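This is a predicted model, so every value here is computed, not measured.
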Amino acid sequence: MNENHQPISDSQSVHTSVMLVTLAVGVGAASGYAALSLLWLIGLVQETFLGPARGHLYSGAARLDTLRVLFAPALGGLLVGLLVHFVVSERRNHGPEDVMQAVREDDTPLTLRAGLSSALASALAIGCGASLGRYGPTVHLGASIASWLGQRLERVRAERHILIGCGVAAAISASFNAPLAGVLFAHEVVLAAFARRGFVAITIASVTGQVLARSYGGQFTLASLSEYHIGYNHEYLLFALLGVCGGLLAIAFIKGMSLSVHVVAQVRLPAWCKPAIAGLAVGAVATRYPQILGLGDEAIHDAIGQLFPLPLLLVLVAAKLVAACLCRGFGFPGGVFGPALFLGVMLGSALGKALQLLDPALVSSLPIYAVTGMGAVASCVIGAPITTILIVFELTGSYALTSAVTIAVVCAPLT
């Protein structure tokens, strides 16, 4: 009896696997397009509010009229507040936490409306200059599309979860040109498990997202650091020290955001007008330090290239920390991974420059410290050390720096 049924079972298993892989390609393409559309929309809003910077936001903003820099984030904040209040479901920011909850608790499914409306609000917020990132909105958008497809096709619970992982991986891959990090994040954080069946589908979706992004010219990298190498063995102790400092900064960032949310919740003002207040504060700081505006990609690139002096690096750490906490507390939608990268790069560059001032023989190459600091802070903020190591590697193209980043990432949680 079992022998008669075995071929049917094998046939069904093969059919299910083929169907899952096919759906992974479709989800990868849909999530990849969505991630690219989010990037395009952020750029469009940015040009409207802060001028056609063409990837050079802070240097372009530095040439704008002071009043425009001051009030653009406030006006954007007012529009964001109205959008969130009247359009976004639950009138709050959606992000990776919702994705993880949807996987852990199947009674809280992701909706396409929440994904699209939250992404639109985040694009408006980031484009007008809010000091937040696109990582969170991108993850949520990709997962929402995948979840909607899984529900419409009436897939079983396990397959819907795998498709959500596919959407997350493809969105990260397309947005950051980081297919390996996308796969690992989907398993390490979203699914919290490694399954062969899911791994194949998620990998295919992630590669699909990257291929799609490259076909449209998407080659997102922070800096090419393949020519840099660690010159001295004693520097691994310095990387460990940087990891501890990065962990402390991450704690300050996380607690600062929580405190800001708690304090602002006590303020008796309509929720729809609160983002405008944070926007005005960000604009005021940006009139002097435009590097804190938006995603901060240009500032991160210039800090890695050692274009900022030590005093400015320290000021930017404090300014970005305050600006990001205010934006989160006053209701701006957006992610925390982008600010974490910014804070880590500035911290690492500052520590490297300080060590170099003490003794030039202590440091072999300053960009290594910038990237290492980036990994230390980001890994603590998103709680995904393996993903962070991979995404730093894919964003810089340097395998040699992996050991430095790994040491810092391992030591960061020790604080």
Side-chain angles (χ1 to χ4, degrees), residues 42 45-46 49-50 57-58 61 66-85 88 91-95 97 118 121-137 249-296 299-300 314-347 377-378 381:
I42 290 174
V45 175
Q46 181 180 299
F49 280 85
L50 297 167
L57 176 58
Y58 88 80
T66 301
L67 291 179
R68 184 172 180 178
V69 176
L70 175 63
F71 290 109
L75 176 58
L78 179 60
L79 296 176
V80 166
L82 294 172
L83 179 61
V84 171
H85 186 76
V88 178
R91 298 179 180 177
R92 65 175 181 83
N93 181 44
H94 293 272
E97 298 83 4
S118 184
S122 298
L124 179 56
I126 297 167
C128 76
S131 293
L132 295 170
R134 70 176 189 271
Y135 181 84
L249 181 56
I251 292 173
F253 181 42
I254 294 170
K255 290 189 174 181
M257 287 190 296
S258 298
L259 178 63
S260 181
V261 171
H262 176 73
V263 171
V264 174
Q266 312 305 315
V267 178
R268 295 184 178 180
L269 286 174
W272 57 264
C273 74
K274 288 182 178 180
I277 299 174
L280 187 61
V282 170
V285 176
T287 58
R288 180 66 179 85
Y289 302 104
Q291 293 91 342
I292 69 165
L293 288 170
L295 298 173
I300 291 174
L314 297 175
V315 170
L316 289 179
V317 169
K320 187 70 171 184
L321 180 65
V322 172
C325 290
L326 287 177
C327 287
R328 174 51 65 93
F330 278 89
F332 264 120
V336 298
F337 184 67
L341 293 179
F342 184 103
L343 292 171
V345 166
M346 301 304 160
L347 173 68
V377 176
V381 170

- Is there side-chain contact between Leu321 and Leu343, with heavy atoms separated by less than 4.5 Å? yes
- Just by modelled atom types, is the Ser258 backbone N or O under 3.5 Å from a matching donor or acceptor in the Arg328 side chain? no
- Message: I'd like to know if the side chain of Lys274 reaches the main chain of Val264, judged simply by a donor and an acceptor atom lying under 3.5 Å from each other, with no hydrogens or angles considered.
- Response: yes
- Message: If I compare all heavy atoms of Ser131 with all of Ala324, which pair ends up nearest, and what's the gap?
- Response: O-CB, 3.4 Å
- Query: Is a side-chain donor or acceptor of Ser122 paired with a backbone partner of Ser118 at a separation under 3.5 angstrom?
  - Reply: yes
- Message: Taking the side chain as everything from C-beta on, heavy atoms only, tell me whether Leu269 gets closer than 4.5 Å to Ile277.
- Response: yes
- Residue pair Ala250 / Val377: nearest heavy atoms and the distance that separates them: CB-O, 3.9 Å
- Query: What pairs with Phe337 under ring-ring contact (aromatic ring centres under 6.0 Å, His included), at least two apart in sequence or on another chain?
  - Reply: Tyr135
- Task: Flag the pair Pro290 / Val69 as yes when at least one side-chain heavy-atom distance between them is below 4.5 Å, and no otherwise.
- Result: no
- Side chain proximity check, Phe49 to Leu124, heavy atoms < 4.5 angstrom: yes
- Within the distance-only criterion (no hydrogens, no angle test), does the side chain of Thr287 pair as donor or acceptor with the backbone N or O of Leu70 below 3.5 angstrom? no
- Query: Side chains of Val80 and Pro333: closer than 4.5 Å at any heavy-atom pair?
  - Reply: yes
- Query: Just wondering, do Trp272 and Leu83 contact through their side chains at under 4.5 Å, heavy atoms?
  - Reply: no
